[in-house]
Amino acid sequence: MRPFHRPRPARVPLRWKIAALAASTACLVVAVVGVLVHVWTAQDIRNRAEAEAWNRLYSAMDAYRRTGTLTDGAELDPAGLPAALRHPADGDRHTAYDGRVDGNVGPSVWAAQRTGGPGSRVLAFRVNMSSDLHGLRQLDVTMAVASLVALAAATPLAVYGAGLLARRLRRVSETAGRISAGDLDARTGPTKGRDEVADIAATVDLMADSLSRRLRTERQFTADVAHELRTPVGGLLAAADLLPPGETEDLLRARVRDLRGLVEDLLEISRLDAGAEQAVRARVPLGAVVSEAVARTGLDTQVTVAVTDATHEEAHAKNVKNAKAARPVETVETVETVETDPRRLERIVSNLVVNAHRHGDTPVQVTVEGRTVVVRDHGPGFPADLLLDGPRRFHTGATERGSGHGLGLTIALGQARLLGAELRLDNAPDGGAVATLRLPT
């Protein structure tokens, strides 16, 4: 049971984060490689087309000058010649890219050269790159499909590998959570692998060992001090009885009683910490036990015992059953009964009531409904650090909450854990502290 905990934001499992990172990395690599291959292949296609146009133009120009005829598809002043090649320098060969597409022709690379001196005609040759670019598009599609297939195969492997890591980390996290909840014997134990996760697990176990030793030392010290103080406090109380009646005797007796109560609280806490306490359970009426516990405090407290609809229905059903069975003596009352340790339940309720009067303000109200007991005051409420971390020994929170040793809520929480009950501390919206005790079914 963890009545006090820090709120945790919604989390995304580590395995999905690692899988998403692996998939993103794979997509990035595929995209970069695909772009590089596409750019390199496109540039290679263009370079080869320019070289072919250059060579074909050279052969065509040689044949034209020797025979005056056009060969290999060469043209003189073609209409589709790019503007950059219509006025080439004399004797120089030039190439240009033409991105126009006409049916199955284009994009293309042109090579052009004047046939003679200035003003002579221009001989040009055109290399169509449409088939090569179609092959480039097919290469792009093939790479995309292969990348998707590889990604589909790699992602499950990444999820599986991340799941193995996440399970190891989850085991360490669960151990740390159990230690935080008070289970000082929780350990992660040996973990597979020699990596950072194994180091973390070993560190958590070492931390738990150190923390366990420190807490055991502290608890043993508290128990020893309480036991050692018990005898002199009893002697002081007996000595106070020998004093003559008067104001000094009353004041001394009151202080000795306070000291004895503190010693008894310390002994009770040490027994709860050591696990030496055992609950003696019995079925008792919850409302009557709570009313008796409040009455024993001697404090002005309003007690309300509500009867739930479920209790009415259960009692009515039992009464009808008894009537049908001809049992005139047995009558079932509409009183909620619980199976618990009445002495420890009284201890919890009395501590909550005393805490409400000492640190809160009147009116103090106790409500019993079903298996739930609510103790509310109208004071400044519980401090924020107490609501966040739970009660601490010898710590009463804000100064406006009054004086005290800070042990009452600690004892109430320890007794509630022993009973398997849940004790929750809150502040009412309109002011005041609210302590809610829910007994197990």
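Computed over heavy atoms, backbone and side chain alike; hydrogens, waters and symmetry mates excluded. Remember, it's a predicted structure, so these values are computed and weren't measured experimentally.
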Any donor and acceptor pair, going by atom type alone, linking the side chain of Arg283 with main-chain N or O of Thr337 inside 3.5 Å?
yes
Any donor-acceptor pair under 3.5 Å linking the side chain of Asn47 with the backbone of Gln43?
yes
Got a second to check how far Arg171's CZ is from Leu169's CG, nearest 0.5 Å?
12.0 Å
What's the spacing between Gln415 CD and Arg344 CZ if we round to 0.5 Å?
5.0 Å
Pair Asp209 + Arg213, salt bridge at N-O below 4.0 Å
no
When every non-hydrogen atom of Ile348 is compared with those of Ala416, the smallest separation belongs to CD1-N, 3.6 Å
Atom of Val364, atom of Ala356 and distance for their closest heavy-atom approach:
CG1-CB, 3.9 Å
Walk me through it: do Leu352 and Val373 pass the test side chain to side chain contact (heavy atoms under 4.5 Å, CB included)?
CA-CA 10 Å; Leu352 295 178; Val373 181; over 6 Å; no
Is there side-chain contact between Val101 and Pro107, with at least one heavy-atom pair below 4.5 Å?
yes
Which heavy atom of Gly370 sits nearest to which heavy atom of Leu286, and what is that distance?
O-CD2, 3.2 Å
Evaluate Met129 against Arg48 for side chain to side chain contact (heavy atoms under 4.5 Å, CB included), listing each step before the verdict.
CA-CA 10 Å; Met129 297 187 300; Arg48 287 189 287 107; over 6 Å; no
Excluding sequence neighbours, so at least two apart, what forms side chain to side chain contact (heavy atoms under 4.5 Å, CB included) with Val39?
Val35
Rounded to the nearest 0.5 Å, the CG atom of Asp377 sits from the NE2 atom of His357 at a distance of 9.0 Å
Closest heavy-atom contact between Thr372 and Val374?
CG2-CG2, 4.0 Å
Do the side chains of Asp132 and Arg46 get close enough for a salt bridge, i.e. N-O under 4.0 angstrom?
no
Looking at Asp44 and Trp40, would you say the former's side chain and the latter's main chain have a donor-acceptor pair under 3.5 Å?
no
Walk me through it: do Val375 and Asn355 pass the test side chain to side chain contact (heavy atoms under 4.5 Å, CB included)?
CA-CA 10 Å; Val375 180; Asn355 183 80; over 6 Å; no
Using residues 425-436 as the side-chain source, report each donor-acceptor pair under 3.5 Å to any protein atom, sequence neighbours left out, with the distance given to one decimal.
unit_1: Asn427; atom_1: OD1; unit_2: Phe382; atom_2: N; d: 2.6
unit_1: Asn427; atom_1: ND2; unit_2: Phe382; atom_2: O; d: 3.0
unit_1: Asp430; atom_1: OD1; unit_2: Arg376; atom_2: NH2; d: 2.6
unit_1: Asp430; atom_1: OD2; unit_2: Arg376; atom_2: NH2; d: 3.2

Partners of Glu75 by side chain to side chain contact (heavy atoms under 4.5 Å, CB included), sequence neighbours excluded?
Pro78, Trp110
Calculate, to the nearest 0.5 Å, the distance between atoms CG and CD belonging to Asn128 and Glu52 respectively.
10.0 Å
Are any non-hydrogen side-chain atoms of Thr115 and Met61 less than 4.5 angstrom apart?
yes
Using every non-hydrogen atom in the two residues, find where Pro363 and His378 come nearest and quote the distance to one decimal.
O-ND1, 2.7 Å
Hey, is the main chain of Arg347 close enough, under 3.5 Å, to the side chain of Ser350 for a donor-acceptor pair?
yes
Side-chain contact, heavy-atom cut-off 4.5 Å: Val122 with Leu85?
no
Test of understanding: with side chain to side chain contact (heavy atoms under 4.5 Å, CB included), list the residues that count as partners of Arg86, not counting sequence neighbours.
Leu81
The salt bridge (Lys or Arg N to Asp or Glu O under 4.0 Å) partners of Glu174 (sequence neighbours excluded) come to none
Roughly how far, to the nearest 0.5 Å, is the CZ atom of Arg178 from the OG1 atom of Thr188?
9.0 Å
Side chains of Ile45 and Leu136 in contact at under 4.5 Å (non-hydrogen atoms):
yes
Is the shortest side-chain heavy-atom distance between Val289 and Thr340 below 4.5 Å?
no
Shortest non-hydrogen contact from Leu439 to Ala421?
CD2-CB, 3.9 Å
Let me have the donor-acceptor pairs involving side chains of residues 139-162, under 3.5 Å, with sequence neighbours excluded, atom names and distances please.
unit_1: Asp140; atom_1: OD1; unit_2: His38; atom_2: ND1; d: 3.2
unit_1: Asp140; atom_1: OD2; unit_2: His38; atom_2: ND1; d: 2.8
unit_1: Thr142; atom_1: OG1; unit_2: Gln138; atom_2: O; d: 2.8
unit_1: Ser147; atom_1: OG; unit_2: Met143; atom_2: O; d: 2.7
unit_1: Thr155; atom_1: OG1; unit_2: Leu151; atom_2: O; d: 2.8

Please test Leu70 against Leu76 for side chain to side chain contact (heavy atoms under 4.5 Å, CB included), starting from the C-alpha separation and ending with a verdict.
CA-CA 8 Å; Leu70 300 175; Leu76 287 172; 4.0 Å; yes
Can you measure from CZ (Arg114) to CG (Asp77) and round to the nearest 0.5 angstrom?
8.5 Å
